[in-house]
Q: 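One structure, pasted below without further comment.
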Amino acid sequence: MSQTPENLKYAKTHEWARLEDDGTITVGISDHAQELLGDLVFMELPEAGTSVSAGKECAVVESVKAASDVYAPVSGEITETNAALADSPEIVNSDPYGEGWLFRIKPSDAGELDLMLDAKAYEQAAAEEDH
Amino acid sequence: MLIFEISKKDRCNPSQAPLEKAAVEKIPDRFRRKQRPLLPQVSELQALRHYTRLSQQNFSIDTHFYPLGSCTMKYNPRACNRLAMLPQLLGRHPYAPETTGQGFLACMYELQEMLKDITGMAAVSLTPLAGAQGEFTGVAMIRAYHDSRGDTGRSEILVPDAAHGTNPATATMCGYSVREIPTGREGDVDLEELKAAVGPKTAGLMLTNPSTLGVFERHITEIARVVHDAGGLLYYDGANLNAILGKVKPGDMGFDVIHMNLHKTFSTPHGGGGPGAGPVGANETLQPFLPVPVVTHEGGEYRWLTEISLPHSIGRLSAFMGNAGVLLRAYVYARLLGRDGMQRVAEFSTLNANYMAAQLAKAGFQLAYPDRRASHEFIITLKQLKDETGVIAMDVAKRLLDKGYHAPTTYFPLLVPECFLIEPTESEDKDVLDGFIDAMTEIAAEAKDSPEQVKGAPHTTPVRRLDDVRAARQLDLRWRPRD
Amino acid sequence: MPFIPHTEADIKAMLEAVGVDSIETLFDEIPAELRCGELTNVPPRMNEFEVTRLMLERAEQDGYYINFIGAGAYEHHIPAAVWEITTRGEFYSAYTPYQAEASQGTLQVLYEFQTMMASLTGMDVANASLYDGASALAEAVLMAVRTHRKARRVLIPTTVHPVYRQVTHSIVTNQDIELLSVPFSKQGGHTVLDALKSHEGGDLAALVIPQPNFFGVLEDVDELTNWAHRHNALVIAVVNPVALALLAPPGEWGDAGADIVVGEGQPLGAPLSSGGPYFGFMCCRQAHVRQMPGRIVGRTVDATGNPGFTLTLQAREQHIRRSKATSNICTNQGLLVTAATIHMALLGPEGLERVAAQCHANTLALLEKLTAMSGVERVFDRPVFHEAVLRLSSPANDVLRALEGQGILGGYNLTQYYPELGEAILVCATETRGHEDIDKYTFHMERIMSKRRLDPPCAVKANPKD
């Protein structure tokens with residue numbers, strides 16, 4: 001069974017988000033999403049400095065059999081991307097909530113985070129999608 | 001072993017190249033290559049043996065049953081190859097004057113005329129080089145039509161969710177956004193959803209009929225009316241024309257423009273991925289926008305019509321006239337079949353598909369659309385097998401290779417989980433179909449008794465299951481010599 | 001029944017299994033009012049020997065000509081073994097290698113092809129081919145725009161094949177991409193930096209550089225490449241693969257090399273065949289590989305650790321990425337690529353270089369003889385590979401027609417696409433046009449031109465002062 005940590009916020013489109021102490025928001029894809037995609041082989045991540053808007057696609061994760069857009073959960077500016085993924089995309093499979101994070105956003109409106117789903121609501125949404 | 005690993009420095013095949021190297025001092029040094037390219041240095045026999053052996057590592061129609069759904073892997077008659085490769089036909093330069101190509105052009109003209117009849121269209125252009133280019137042509141013509149009327153607000157192409165990936169990709173290449181139309185429970189387009197989707201933004205609808213779900217779209221007349229009423233046009237994806245050849249014409253169904261895959265329906269070779277040919281037919285509305293060149297016959301002479309006489313044409317799609325050699329093979333095939341043979345193609349491909357569907361259902365396999373007639377192909381879903389045994393469709397596909405059958409199309413259409421799209425074609429005998437059904441039955445039993453045997457398949461092919469993940473993560477796209 | 005193996009007994013048994021009484025019943029879901037009658041414009045069937053006779057007659061009607069036309073398709077000798085092997089059923093009647101384990105033959109051929117093309121062009125990687133040279137240029141333009149991200153304007157010199165430019169326009173026109181042409185030097189027939197100046201400062205995605213160009217002329221590829229890179233534009237090279245046996249590979253042009261290389265693969269083993277099937281090739285830098293359209297084969301290992309080949313990077317392609325794919329292309333010209341791979345293997349580096357050198361030498365020999373006569377002159381003064389532009393003192397069309405009457409295709413008439421060059425033709429002598437052919441061409445050309453000098457057609461006679 002896939003993990004859905006309680007301390008994170010989620011989007012229906014399978015991203016998770018976490019507010020850091022410095023005010024940035026770290027974004028990744030859920031355990032459920034990485035399971036659906038299978039072994040990841042490539043990430044196309046936005047450059048630092050790019051502005052993104054909530055709900056708009058800003059990255060692509062690619063497995064052998066699928067390519068999936070990643071949507072920015074909140075609006076703001078990309079401050080950092082996970083450089084380790086360029087050589088080792090498999091980290092997203094093995095540790096989606098830790099070392100496998102994708103990018104950080106400096107939010108223009110941190111309130112948008114509250115509009116996201118909690119773990120329970122996300123699990124429910126994901127289960128419905130499977131049917 | 002790669003050809004480069006047989007290579008030895010300074011070996012050369014002098015019989016196939018000029019006997020000496022001519023002087024090239026007129027080419028100044030700054031334009032010249034400094035280091036020779038990495039091409040093999042092998043003898044003629046070594047090359048012959050190497051590539052003959054490689055050929056033997058392929059499954060092909062000539063060696064195996066190849067029921068790859070949506071690809072129409074039927075027998076490629078040898079006469080078509082031989083007669084398209086007559087020396088005069090091979091030697092003719094594309095810019096040789098029309099006066100030196102009347103024989104060739106006669107074949108092209110007659111092929112155009114036959115394709116017009118078969119599709120119920122007013123005119124045909126043979127020039128698109130492949131199915132996807134034919135699709136591009138069709139949608140580009142739809143766009144040119146709207147633009148010519150100053151009707152520039154149409155920005156959407158409607159595509160059923162069961163469509164080939166080429167359909168949405170094509171719409172994007174033509175500058176349109178894609179709106180997906182869901183499929184109803186029985187495999188027809190959901191009419192209510194379609195009605196809700198059409199409007200002033202609708203440029204057109206791309207549809208395959210019979211659809212990729214292996215069933216005939218029963219409401220096609222109604223669909224055509226809905227799209228036309230909204231000012232949109234209908235594009236017919238000819239991927240499945242084999243199923244209806246001589247039975248029903250796309251033009252009569254209400255389509256405005258269509259492409260055909262001659263490498264499917266007209267049995268030109270697939271060649272390990274190409275070449276294809278994707279002629280396009282259009283009704284009177286879209287005829288002016290056809291790509292050039294088109295052959296005409298006037299005053300006893302055949303000649304090309306170009307953009308000069310067809311000023312509204314969407315233009316050219318290839319450097320010359322198209323894949324002439326493929327078109328010649330299709331022409332010979334059409335002459336060998338004749339008008340009755342065309343109908344028989346539809347009849348026996350449909351009979352074979354319905355027979356296999358019935359027998360597989362009896363053997364316990366689940367049909368995706370059990371209440372429908374199959375077209376020339378049909379879908380089974382192996383979801384139940386997966387739930388019971390953990391064996392997935394891909395495992396069964398690989399195990400079929402061990403049993404001497406090429407696998408059907410797997411995991412397409414995306415709507416049906418764990419699916420096989422199976423297309424036997426008309427050129428296969430009942431015994432072959434029975435053999436395949438037996439193999440499927442054996443594999444289903446193996447999946448229950450010894451699932452590892454199936455999951456570890458294939459066991460007998462030149463290589464075992466390949467690591468696609470490694471291929472994508474550690475890209476190795478060319479050979480490099482060791483230092 | 002042609003190509004249908006069913007016996008009456010089979011049909012009966014199969015219909016019973018389906019539970020219908022006739023084949024016709026299987027079509028009962030098609031609305032009756034849509035069903036068509038007889039295909040009246042499809043003739044009744046012929047036997048194989050009847051079709052053979054028909055095709056032999058038609059081929060005979062077209063006959064043989066001594067060909068001096070190039071203009072994008074070149075008559076080279078193709079070793080006999082090439083098509084003998086290529087048309088083996090295992091290559092001929094296989095499909096795209098989706099089931100890699102059952103397609104190692106095709107896949108390995110493609111991997112070897114990619115290796116050869118990457119080396120020939122001096123680039124990192126090659127794809128498994130595109131439709132033809134012209135559509136490959138269109139795909140390269142789209143790829144350059146995707147790669148560049150910021151600009152959508154592409155410079156295409158008028159020294160690029162005119163039909164390639166038309167095809168590129170047809171294919172990219174709906175994607176909001178601007179194609180800008182660049183005039184050529186009237187003296188050299190090449191693209192000069194001065195002509196690019198007016199485009200400096202604007203956002204450019206790419207500059208297309210042909211080598212040799214449509215006129216056969218060698219472009220100053222190093223300075224053009226450096227110019228493009230200085231202005232943040234990518235370089236798309238359009239090259240002839242045979243010429244690359246002699247000419248600097250695009251990967252080494254200028255300081256940094258070209259970014260994308262495309263071209264027509266026909267000179268590598270594909271017969272002229274009235275224009276196809278040929279194949280386009282495309283190579284690029286490793287960094288851009290994910291923006292490349294078309295099939296790509298990679299080497300990997302199987303479950304037991306043995307090497308094997310498979311299609312890779314498929315997430316770029318239409319069957320996965322759908323409306324966001326790099327292109328809608330599915331086809332690679334597999335059969336032509338098989339022929340090209342065998343062709344290159346048989347010739348090897350020495351053989352291909354000899355072919356290229358002989359083409360060059362034959363063309364120079366032809367030019368020397370033709371320009372020795374009055375009324376025929378070279379138009380450009382730059383070095384050429386195996387084609388050149390000649391201006392005639394008589395109408396090009398008439399001269400070419402007169403040559404045709406002697407069984408000679410004397411060249412490509414440039415008056416339609418380049419009226420500013422006057423009565424100009426583009427001539428080409430490959431390695432297959434030896435001294436005898438050249439002498440024959442010269443003899444008839446001399447005769448035709450002198451006849452026109454002594455006995456000009458009426459239009460000219462009417463103006464005696466000329």
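So that the names make sense, note that chain A is the first sequence line, chain B the second, and so on, each numbered from 1. All values below come from the heavy atoms of this structure, side chains included, with hydrogens, waters and symmetry mates left out.
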Q: Measuring heavy-atom distances to chain B, does Phe3(C) have an atom under 4.5 Å in its side chain, in its backbone, in both, or in neither?
A: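 Its backbone and side chain both get close to chain B.
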
Q: Please check this pair: side chain of Lys362(B) against backbone of Ala17(C), looking for a donor-acceptor N/O pair closer than 3.5 Å.
A: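 Checked: pair present.
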
Q: Any side-chain to backbone donor/acceptor pair from Asp132(C) onto Ala319(B)? Under 3.5 Å, distance only.
A: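 Present.
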
Q: Report the C-alpha separation of Gln99(C) and Lys398(B) in whole Å, then their side-chain angles, then the decisive distance to 0.1 Å, and conclude whether the side-chain hydrogen bond (donor to acceptor under 3.5 Å, both in side chains) test is met.
A: CA-CA 8 Å; Gln99(C) 293 293 338; Lys398(B) 299 297 184 195; 2.9 Å; yes

Q: Please give me the minimum heavy-atom distance between Gly308(C) and Val463(B), naming the atom from each residue.
A: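 Heavy atoms only, the tightest pair is CA-CG1, 4.3 Å.
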
Q: Measure the spacing between CE of Met85(B) and CE of Met55(C) and express it to the nearest 0.5 Å.
A: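 It is 12.5 Å, given to the nearest 0.5 Å.
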
Q: Counting N and O atoms only, with roles assigned by atom type, does the side chain of Asn58(B) sit under 3.5 Å from a partner on the main chain of Glu90(C), one being a donor and the other an acceptor?
A: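 Checking the backbone N and O of Glu90(C) against the side chain of Asn58(B), a donor-acceptor pair under 3.5 Å is found.
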
Q: Taking Asp252(B), Leu336(B), Thr461(B) one by one, which has the highest count of heavy-atom pairs under 4.5 Å against chain C?
A: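 Heavy-atom pair counts peak at Leu336(B).
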
Q: Classify the angle between the aromatic ring planes of His270(B) and Tyr95(C) as parallel (below 30°), tilted (30 to 60°) or perpendicular (above 60°).
A: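 Taking Tyr95(C) first and then His270(B), their aromatic rings stand perpendicular (interplane angle over 60°).
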
Q: Between the side chain of Glu112(C) and the main-chain N/O of Ile3(B), is any donor-acceptor distance below 3.5 Å?
A: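 Here the side-chain-to-backbone pair exists.
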
Q: Could you measure the distance from the CZ atom of Arg299(C) to the CZ atom of Arg470(B)? Nearest 0.5 Å is fine.
A: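 Interatomic distance, Arg299(C) CZ to Arg470(B) CZ, rounded to 0.5 Å: 9.5 Å.
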
Q: Within the 4.5 Å heavy-atom criterion, are Cys107(B) and Arg58(C) side-chain neighbours or not?
A: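 Result yes, sub-4.5 Å side-chain heavy-atom pair found.
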
Q: One pair to check against salt bridge (charged side-chain N to carboxylate O under 4.0 Å, His left out): Glu101(C) and Arg464(B). What are the steps and the verdict?
A: CA-CA 7 Å; Glu101(C) 297 83 359; Arg464(B) 300 286 298 278; over 6 Å; no

Q: Mark yes or no for whether Gln358(C), through its side chain, and Pro18(B), through its backbone, hold a donor-acceptor pair below 3.5 Å.
A: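 Checked: no pair found.
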
Q: Counting heavy-atom pairs under 4.5 Å with chain C, which one of Ser60(B), Ala472(B), Gly338(B), Pro87(B) comes out on top?
A: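 Top option by heavy-atom pairs under 4.5 Å: Ser60(B).
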
Q: How far apart are the closest heavy atoms of Ala361(C) and Ala23(B), and which atoms are they?
A: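 Looks like CB-O, 4.4 Å.
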
Q: Sort Ala315(C) into side chain, backbone, both or neither according to what part of it lies under 4.5 angstrom from a heavy atom of chain B.
A: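 Looking at Ala315(C), nothing touches chain B.
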
Q: Apply the test ring pair (Phe, Tyr, Trp, His ring centres under 6.0 Å) to residues Phe348(B) and His6(C): give CA-CA distance (whole Å), side-chain angles for both, the deciding distance (0.1 Å), then the verdict.
A: CA-CA 8 Å; Phe348(B) 286 89; His6(C) 300 62; 4.8 Å; yes

Q: Among Asn354(B), Val178(B), Ile314(B), Leu68(B), which has the most heavy-atom pairs under 4.5 Å with chain C?
A: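 So the answer, after comparing Asn354(B), Val178(B), Ile314(B), Leu68(B), is Asn354(B).
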
Q: Counting C-beta onward and ignoring hydrogens, is there a side-chain heavy-atom pair between Thr312(C) and Asp468(B) closer than 4.5 Å?
A: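 Thr312(C) vs Asp468(B): side chains apart.
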
Q: Answer yes or no: is there a side-chain heavy-atom contact under 4.5 Å between Asp476(B) and Thr300(C)?
A: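 No, side chains not in contact.
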
Q: Please assess Lys26(B) against His360(C) for the test side chain to side chain contact (heavy atoms under 4.5 Å, CB included), listing each intermediate value before the final yes or no.
A: CA-CA 9 Å; Lys26(B) 290 278 174 59; His360(C) 175 70; 3.9 Å; yes

Q: Most heavy-atom pairs under 4.5 angstrom with chain C, which of Val42(B), Ile244(B), Leu54(B)?
A: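 Greatest number of close heavy-atom pairs with chain C: Leu54(B).
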
Q: For Asp222(C), is there an ion pair with Arg30(B) - N to carboxylate O distance below 4.0 angstrom?
A: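 Judged by the 4.0 Å cut-off on N to carboxylate O distance, Arg30(B) and Asp222(C) do not form a salt bridge.
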
Q: Between the main-chain N or O of Leu244(C) and the side-chain N or O of Arg33(B), is there a donor-acceptor pair closer than 3.5 Å?
A: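 Between the backbone of Leu244(C) and the side chain of Arg33(B) there is a qualifying donor-acceptor contact (under 3.5 Å).
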
Q: Please classify the contact of Ala73(C) with chain B as side chain, backbone, both or neither, using a heavy-atom distance under 4.5 Å.
A: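 Contact with chain B is through both the backbone and side chain of Ala73(C).
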
Q: Is any side-chain heavy atom of Leu352(C) closer than 4.5 Å to one of Leu39(B)?
A: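 Yes; the side chains approach each other to less than 4.5 Å.
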
Q: List the steps and the verdict of salt bridge (charged side-chain N to carboxylate O under 4.0 Å, His left out) for Glu350(C) and Arg36(B).
A: CA-CA 9 Å; Glu350(C) 171 69 22; Arg36(B) 279 187 158 181; 2.2 Å; yes

Q: What orientation do Phe320(B) and His161(C) show, parallel under 30°, tilted 30 to 60°, or perpendicular over 60°?
A: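 The arrangement is perpendicular - the two ring planes meet at more than 60°.
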
Q: Quick check against the 3.5 Å criterion: does Arg339(B) have a side-chain atom that pairs as donor or acceptor with the backbone of Pro43(C)?
A: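 Here the side-chain-to-backbone pair does not exist.
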
Q: Does Ser170(C) reach the main-chain N or O of Leu317(B) with its side chain, forming a donor-acceptor pair under 3.5 Å?
A: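 No, the answer is negative, given that no donor and acceptor are paired below the 3.5 Å cut-off.
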
Q: Heavy-atom cut-off 4.5 Å, strictly under: side chain, backbone, both or neither for Asp10(C) against chain B?
A: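 Contact with chain B is through both the backbone and side chain of Asp10(C).
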
Q: Quick check for you: to the nearest 0.5 Å, what is the distance between Thr331(C) atom OG1 and Gln133(B) atom CD?
A: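 With rounding to 0.5 Å, OG1 (Thr331(C)) is 9.0 Å from CD (Gln133(B)).
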
Q: Non-hydrogen atoms of chain B under 4.5 Å away: do they reach the side chain of Val355(C), the backbone, both or neither?
A: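 The answer is both parts of Val355(C).
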
Q: To the closest 0.5 Å, what do you measure between CZ (Arg478(B)) and CE (Met116(C))?
A: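 Spacing of CZ (Arg478(B)) from CE (Met116(C)) equals 12.0 Å.
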
Q: Tell me if a side-chain donor or acceptor on Ser323(C) pairs with a main-chain N or O of Ala169(B) at a distance below 3.5 Å.
A: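 Looks like no, no N/O pair under 3.5 Å.
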
Q: Given that the side chain runs from C-beta out, which part of Ile329(C) has a heavy atom under 4.5 Å from chain B: side chain, backbone, both or neither?
A: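 Contact with chain B: backbone only.
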
Q: Hey, could you give me the OG1/CZ distance between Thr63(B) and Arg88(C), rounded to the nearest 0.5 Å?
A: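 If we round to the nearest 0.5 Å, Thr63(B):OG1 and Arg88(C):CZ are 10.0 Å apart.
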
Q: As an exercise: rank Gly276(B), Cys174(B), Ala47(B) by heavy-atom pairs under 4.5 Å with chain C and give me the winner.
A: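 Ranked by heavy-atom pairs under 4.5 Å with chain C, first place is Cys174(B).
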
Q: Kindly give the heavy-atom pair with the smallest separation between Ala102(C) and His406(B), and that separation in Å.
A: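 In terms of heavy atoms, the two residues are closest at CB-CD2, 4.5 Å.
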
Q: If you measure from CZ on Phe27(C) to CG on Leu351(B), what distance do you get to the nearest 0.5 Å?
A: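 Between Phe27(C) CZ and Leu351(B) CG, I get 9.0 Å after rounding to 0.5 Å.
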
Q: If you count heavy-atom pairs under 4.5 Å between each of Pro97(B), Ala17(B), Pro275(B) and chain C, which one has the most?
A: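 Top count of heavy-atom pairs under 4.5 Å with chain C: Pro275(B).
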
Q: Start with the C-alpha distance between Asn328(C) and Thr166(B), add both sets of side-chain angles, then the distance that settles side-chain hydrogen bond (donor to acceptor under 3.5 Å, both in side chains), and finish with yes or no.
A: CA-CA 5 Å; Asn328(C) 72 347; Thr166(B) 48; over 6 Å; no

Q: Would you say the side chain of Asp302(C) lies within less than 4.5 Å of the side chain of Arg465(B), judging by non-hydrogen atoms?
A: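 Arg465(B) vs Asp302(C): side chains apart.
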
